[in-house]
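Have a look at the structure below before the remarks.
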Amino acid sequence: MEIKSMHFKSRAAAQLANTGLQSTLKKVKGKFVDKRRDAIADYAGQGGDFEDLREAGREVRNRVLADLDLWLEMFESKATARGATVLWAKDDAEACRIIVDIAKKHGVKKATKSKSMVSEEAGLNRALEAAGIQPVETDLGEYILQINDNEAPSHIIAPVVHKSKEEISDLFARVHKKPRLTDIGEMTREAREVLRSHFLSADMGISGGNFIVAETGSVAIVTNEGNGRMVTTVPKVHVVLTGIEKVVPTLEDLTLLLRLLPRSATGQSISNYVSVLTGIRGAGDLDGPEHMYYVLVDNGRSNILGSEFNAMLCCIRCGACMNHCPVYQTVGGHAYGWVYPGPMGSVLTPLYVGIENALDLPHAATLCNQCGVACPVKIPLPELLRTLREQQVERNLRPLGERLALKAWAWVAARPALYHLGTRFAVRYLNWLAGGKKSIPVLGAAPEWTSGRDFPAPQGRTFRELYAKRSGK
Ligand code: SF4
């Protein structure tokens, strides 16, 4: 697993200095937020209460996690009874090995793929290529990234949200070797033509799974482009690659979560294509795979189960938390350095790759709780971020200077007279730095604070001084 998250600060600084990216982020800023808000209003117009739906979604996900092993066992037996093979991968390397082995067993030369974040986690495309198998991404966003030198997605449901139409237009002209198009509809048709030939010539289809259903042994896949259906039904082999936490007990639970997911993600009442696939092609079926495999990946999930971060396993990968996050909106997804960006990524990445390997991420949030309020399954993201910060302190993982400064502050704060003296000194020092102006361009002791903005000068005296004056004490 490739880890870059140690460097969030420098990556974020680079994204802030990228004027093209900043202009694209400004254009998309708030779009998903507005769509979600409108979808919730529509739902209320139909007599629905979105808060009730969120509560019910949280209950389903918690019920799953309370007996995860039992639901997974039930899923395995039901899926097997319908002709599928269920395989378990303890980590990303094992997931890749299993899928490469399946491909070799069936003589696969080309595999079409529909969107799967677990595939990104595992680096599956690299493993397939190393084994001489051509992976072809068929989600339009993922396809664009793949033909752009296998660029990483920057959002879990809109992987190419960081790219402008003009950039994609140039890319298509260069890679497709066709005249440059500027109309989005025409560009999409051109990509569809390219992808169609891959759909028809692939020996294997690899999909993610938004959910897997224990009572029927099915996988549910939602897409807006229909590529999921082509990937899962045309080739003779279908592999579902998903995380062990994606199981839901019943079809009824599934329908509940399918009402929450698109409204929270794209503001749709339902995704354009909802596929519930159960087992291999039956006698008389016109399509469907002859062989179906589930590769259910742990990759650190069972370590989270039952821990203080258990709630994170409720995540249904809707992206609402990042859409509402002021940090994500400003720096984009690539600053986070690994597969999952935004608040959910700032919790998940340290848990998956090790807290010591992603020290910056729990601090890449203002704790404003926009994410917690938007999350359809009520994951308390700010609380989890705070717990990660606490664990960093407990394990002495914060930089020495920061630890000493906090110790000094705590010592002073416990001594009111000294604290009073200290704040008086600090206010006078800051006023001296401001030199009579309203802001401080360079903060002497902590110049990092002012590298991208001015620091406001103190407005007069300290709170204690003002209080004393006004109360006459
Ligand atoms: S944490 Fe919540 S809001 Fe964020 S992706 Fe997961 S379910 Fe959606």
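For ligands, and for the atoms within them, numbers begin at 1 and follow the listed sequence.
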Could you tell me which residues satisfy side-chain hydrogen bond (donor to acceptor under 3.5 Å, both in side chains) with Lys236, sequence neighbours excluded, listed by chain and number? none
Check this for me: Leu397, atom CG, are more than 12 non-hydrogen atoms of other residues, nucleotides or ligands nearer than 6.0 Å? yes
Side-chain atoms of residues 24-35: list all donor-acceptor pairs with protein atoms under 3.5 Å, sequence neighbours left out, distances to 0.1 Å.
residue : atom : partner : partner atom : Å
Thr24   : OG1  : Gly20   : O            : 3.0
Asp34   : OD1  : Arg37   : NH1          : 3.3

Any non-hydrogen side-chain atom of Leu53 less than 4.5 Å from a side-chain atom of Arg259? yes
I'd like to check the side chain to side chain contact (heavy atoms under 4.5 Å, CB included) partners of Ala95; sequence neighbours left out, ordered by chain and number. Ala89, Leu241, Val295, Val297
Would you call the rings of Tyr340 and Trp338 parallel, tilted or perpendicular if under 30° counts as parallel and over 60° as perpendicular? perpendicular
Among the protein atoms near atom 6 (Fe) of ligand 1, how many are N, O or S and lie under 2.8 Å away? 1
